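Here the structure comes first, spelled out in structure tokens, and everything after it is commentary.
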Number of protein chains: 2
Amino acid sequence: MTEHPDAPRSRRERPAKPALSRNGIVATAVALVRSEGLQRVTMRRLAQELDTGPASLYVYVRNTAELHAAVLDDLLGSVDLTPVTTPGDWQDRLIRILGSYGDVLFEHPGLAQSALVARPSGERYLDLVEAVLALLAEGGVPGDRAAWALDLLLQFATATAAEHAPRAGAGSDESDRAEEWDALAAVLRGTAADTHPHVAALGADLLAGSGEERLDWGFRVLLNGVLHTPR
Amino acid sequence: MTEHPDAPRSRRERPAKPALSRNGIVATAVALVRSEGLQRVTMRRLAQELDTGPASLYVYVRNTAELHAAVLDDLLGSVDLTPVTTPGDWQDRLIRILGSYGDVLFEHPGLAQSALVARPSGERYLDLVEAVLALLAEGGVPGDRAAWALDLLLQFATATAAEHAPRAGAGSDESDRAEEWDALAAVLRGTAADTHPHVAALGADLLAGSGEERLDWGFRVLLNGVLHTPR
DNA sequence: ACCTGAACACCGTTCAAGT
DNA sequence: ACCTGAACACCGTTCAAGT
């Protein structure tokens, strides 16, 4: 109303520093996570991006854990929930949704790690929960089991993604991971058959299979298990 | 042989600074984890305890992740593996072993978090793996399934323990966790039945049950699932 | 009332230089 | 050859003081 067309001409230099707000902070954090990865999204770095000091963020965000939860909830917006209403086997559709959830986390394993410790509870997360419960109900899973099955399924997907998080500290990556895998394979090969017969017998089979195959099998194990295990 | 009885009398002040070694470093780290918790066992703090600078540790330990893995493997020595050779139902015995593994991790959730990212591969871990595989074999689980079931079972126990890890940063504790739980309960109560009918229908049931009950049920779900899910 | 500079109390890791 | 002081490049969080 009484707003000047080009109002406060004070000290504004280029892109105009927008006022801080929780949404703005989270949105900037999401953009930063997308472009540079979670490791770089520290309170200090985020503050710098917003052209302020880190202390200012604490007016809108309780701590780093809460920030991560908010970022994750935002990213969860890209989970494909359409299989809820698609025709076909309910287990396959449920696994497709969980797989989509897993995909999001696989791109940000550090967030998966956070999610394990501080479960998100935002809008998008709630939508995901609703979708999973809807399909479990469609499959005839009793309510009391569905409640716990939900956690089992999401925890499995989350933990599997978290396994790929970079270890803190010095930048490692593919090479480190491969090295680790080789080391583990060597340990297994070197395991004496007389002290660890079962390990020796299975040998390389213990490491067989792609992550995707294992994930899919794990989901089916959980679903079959839920169907066969009353409380 | 040619050792002087009270040899190098040089600069030694009281408890005699022992020479550094990988074992000594890990043993000190374990003691420190036991007495002060993982959060306090940083490279710097550990070096201080050993009366040297942090750089010296890197002669014996590649990085923090490796140190954590070594500490965990040591602590795994207190996992009770006796149920392997005890009479009784194999599933119950297996769950007892997994429960004992879980107990160790529950005391050090931060280590559980590390274990998720950098799987241990030490002696004690191998003993645990052997025990789990032995019982799966006793239960008639085919080898190819047992190999993957092993990971599923250990990952579930590990992830469940990791959930209790303290969020990095400012010291939180019981009160923070209770607050979080209340917040989640409030979100569930406030969930509209028309947008999220299944969430609303289950309501507080979603949070029902103690951690122990859920853990036990989870193990049984996994075992039943494994028995019913070929690869 | 709202915001934040500056400080507090730390980190992991590396590497040039010492013994 | 082995070890390490000192530096590099950071952290999260708080709070007294400013506007």
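Every chain is numbered from 1 and lettered A, B, ... according to where its sequence line falls, protein lines coming before strand lines. Just so it is clear, the model here is predicted, and its values are computed rather than measured.
- Salt bridge annotation for B/D151-A/R214: present, with a cationic side-chain nitrogen under 4.0 angstrom from a carboxylate oxygen.
- Every pair tested for ring-ring contact (aromatic ring centres under 6.0 Å, His included) that includes a residue from residues 47-80 of chain A fails, sequence neighbours excluded, so the list is empty.
- Of the two residues near DNA chain C, B/T42 and A/R44, the one whose nearest nucleotide lies more 5' is A/R44.
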What pairs of donor and acceptor atoms, side-chain ones from residues 122-133 of chain B against any protein atom, are under 3.5 angstrom apart with sequence neighbours left out?
{"from": "B/D127", "atom 1": "OD1", "to": "A/H196", "atom 2": "NE2", "distance (Å)": "2.6"}
{"from": "B/E130", "atom 1": "OE1", "to": "A/H198", "atom 2": "N", "distance (Å)": "3.1"}
{"from": "B/E130", "atom 1": "OE1", "to": "A/V199", "atom 2": "N", "distance (Å)": "2.9"}
{"from": "B/E130", "atom 1": "OE2", "to": "A/H198", "atom 2": "N", "distance (Å)": "3.0"}
{"from": "B/E130", "atom 1": "OE2", "to": "A/H198", "atom 2": "ND1", "distance (Å)": "2.8"}

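- Annotated stems with DNA chain C as a participant read C:4-8 with D:12-16, C:12-16 with D:4-8, given as range with range, by first number; only runs of 3 or more Watson-Crick or G-U pairs under 3.5 Å qualify.
- Checked against side-chain contact (heavy atoms from CB on, under 4.5 Å), A/A204 has no partners two or more places apart in sequence or in another chain.
- One finds no side-chain N or O of A/S56 lying less than 4.0 angstrom from the OP1 or OP2 phosphate oxygen of C/dC3.
- Side-chain contact check for B/S21 and B/N23: no donor-acceptor pair (N or O, by modelled atom type) lies under 3.5 Å.
- What separates CG of B/L38 from P of C/dC11 is a distance of 12 Å, to the nearest Å.
- Spacing between atom NE2 of B/H68 and atom P of C/dC11 amounts to 12 Å, rounded to whole angstrom units.
- Taking atom OH of residue B/Y58 and atom P of nucleotide C/dT14, one finds them 7 Å apart after rounding to whole Å.
- Atom CG of B/D51 is separated from atom P of D/dG5 by 10 Å (rounded to the nearest Å).
- Going from the P atom of D/dA9 to that of C/dC10 covers 23 Å, rounded to whole Å.
- Summarising the geometry, the separation between CG on A/L50 and P on C/dG5 is reported as 13 Å, rounded to the nearest angstrom.
- Between the C1' atom of D/dG12 and the CZ atom of A/R45 lies a distance of 17 Å, rounded to the nearest Å.
- For B/A161, the side-chain contact (heavy atoms from CB on, under 4.5 Å) partners two or more places apart in sequence, or in a different chain, are B/L105, B/F106, B/A112.
- Sorted by first and then second residue, the salt bridge (charged side-chain N to carboxylate O under 4.0 Å, His left out) pairs with a member in residues 23-42 of chain A read A/E36-A/R45; sequence neighbours excluded.
- With rounding to whole Å, B/M43 atom CE is found 21 Å from D/dA6 atom P.
- An OP1 or OP2 oxygen of C/dC3 is reached within less than 4.0 angstrom by no side-chain nitrogen or oxygen of A/T52.
- Atom CD of A/E66 is separated from atom P of D/dG12 by 15 Å (rounded to the nearest Å).
- Relative to the side chain of A/A55, the nucleotides C/dG5, C/dT14, C/dG12 differ in distance, and C/dG5 lies closest.
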